[in-house]
Q: 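My questions will all concern the structure given below.
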Amino acid sequence: KSGDITTIKVNSSGVIEWTLRIPSPEFTVNSGTAITIDSNGFLYLVGYLWNQTSMDVFCAKISNEGQLIWQIIYGNSSNFEIPNSLVLSNSGELYVSGITHSNSKVTYYISKVSSLGQLLWEHVDTTFPSQTWNEPKILRLDNLGNLLVCGYGYEDNEEGSASKTVTIKFNSAGVQLWKKYKSTQITIDNNLYFVDSWPTDFTLDTNNSIYVVKNYNDEFFTKSATIKYDHAGEELWLINQYFDDESSTLLKSILFHENKLFVGGYKNGNPDEGDGFVLHSLNLDGSSNWSQHSSDQYVPSDFFMSLISSTICLNSRFMDSDTFESVINSSTYSIANGSLQSSNEFYLNQASNGITVGAFLGVTFNSNSKSFILNSTYSTHGTVYEVLQFDAANSLIWNTKYVSQNSIRVNVLETVADSSSNTFSLISSFYVNEQDAEQISQKSYIIKYNSIGQFVSSYMISDTVGTSSLRLFVTNNNEL
């Protein structure tokens, strides 16, 4: 009857070691939105809790054994705050970004939580225009402990209603040091137009210069650029990076390594060139070292880039152009010259017998294997989270599914009322058997509400034989 914030630990053998659920109020759906881990194995997560009057930030610390160490819930009790990102300092303090509603606009909500779970400060940006939606997307800390926030937002000026890429710097006490807007202009028929832009990632070098990757809308396609700011927020250069004028280029990630920048993403939309990865290596002055692209994917999405030893690993989900199955391409490129080292495809529906893959959520690596984290829908399980691990030869080692013990499908069969205007709803619920994750079981229950819609009671009907038809009626004597 509720959706809980849930954390799951899967070990290297694919066994679910523990599951920690943060109970939600009845008939509410809450969610975790970001998670990180420190060097001692402690987990830190943020999410949102709906208390039936407002939506607040939930923040927690969890041990590696799945024990809740502390939790804090905070925010404006008459408003909503939804977190979307967090970053952890070396001393165990959490910085959280998200959105809130203030003065007729959706705006940035930034907060800091101590290593003991105490709210230290919060910042609501009041400078954006009313009737606009402004949202932070990425957090980073520089090597002096200052907080960098990057997102998109609007500004009251002559540049129209297009969103801009916004970069803000705070010190550790929450004082804003500077804030930069970056608008984007394109030319159509010799006329200049301001268009929406938004950041997808940023990184910092050892001098605390900031490199922001943004995407923006061209006339027909999406294009990308990289911007460099120095530590004081002065713009040093901007480089447009797109494959051609007949396709979309969406750069998603940027890495700093050995005084080089690596910017990765994908392109699609040009049938003559084909869809696939795009990868650039830049010097810190913005000059190019090398660029590479592939043309072996159809409508790529859900992109992840990682640095592994002396290679850059790109991972993306795409569709097989013939069968429309979900496929993950995992390719590695040399840091030195961008040469392709390996490229492998993983047909997920074949490997896991699934119906559809809803989202490719991430990839992890160890010395001899890689693991893909997915959100999938099965005919026998409903919607699940699953982890698939492949060995160095790209063979499936194991596939672990996490299936909520709550219902995967619920049907309201009938609703009736008695003479006092109480209503009774008959619910048929299908769920995964706790002892056998391959088996779907059924249960039914009756929910009673009074005449003004308040919940009164529920009654469970044990149904071990899988009854296919149930009916509900009230007699003249108000007997159910």
Q: Any donor-acceptor pair under 3.5 Å linking the side chain of Asn215 with the backbone of Leu250?
A: no

Q: Report the distance from atom NZ of Lys223 to atom NZ of Lys214, rounding to the nearest 0.5 Å.
A: 13.0 Å

Q: May I ask you to decide whether Lys228 forms a salt bridge with Asp285, counting only side-chain N to carboxylate O separations under 4.0 Å?
A: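 Result for this pair is no, no salt bridge flagged.
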
Q: Taking atom types as modelled, is there a side-chain donor on Ser111 or Tyr74 under 3.5 Å from an acceptor on the other?
A: yes

Q: Does any non-hydrogen side-chain atom of Val15 lie less than 4.5 Å from one of Val10?
A: no

Q: Hey, are Glu235 and Lys180 close enough for a salt bridge, meaning a charged N less than 4.0 Å from a carboxylate O?
A: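 Lys180 and Glu235: not salt-bridged.
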
Q: Take a 6.0 Å sphere around OH of Tyr298 and say whether it holds more than 12 heavy atoms from other residues, nucleotides or ligands.
A: no

Q: Are any of the side-chain nitrogens in Glu93 or Lys112 under 4.0 Å away from the carboxylate oxygens of its partner?
A: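 Between Lys112 and Glu93 there is a salt bridge, with a charged N closer than 4.0 Å to a carboxylate O.
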
Q: When the aromatic ring centroids of Phe372 and Phe360 are compared, is their separation below 6.0 Å?
A: yes

Q: With distance as the sole test, does Thr100 use its side chain to make a donor-acceptor pair with the main-chain N or O of Glu81 at under 3.5 Å?
A: no

Q: Are Asp142 and Lys169 within salt-bridge range, i.e. N to O under 4.0 Å?
A: yes

Q: Could you check whether atom CG of Asn143 has more than 12 heavy atoms from other residues, nucleotides or ligands sitting under 6.0 Å from it?
A: yes

Q: State whether Asp201 and Arg140 are salt-bridged, where the test is any N-O pair (Lys NZ or Arg NE/NH1/NH2 against Asp/Glu carboxylate O) under 4.0 Å.
A: yes

Q: For His293 and Phe243, I'd like to know if the aromatic rings sit close, meaning centre-to-centre distance below 6.0 Å.
A: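 They qualify: ring centres under 6.0 Å apart.
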
Q: Aromatic contact between Phe390 and Phe346, with the criterion being ring centroids under 6.0 Å apart: yes or no?
A: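 Yes, they do, as the ring centres are separated by less than 6.0 Å.
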
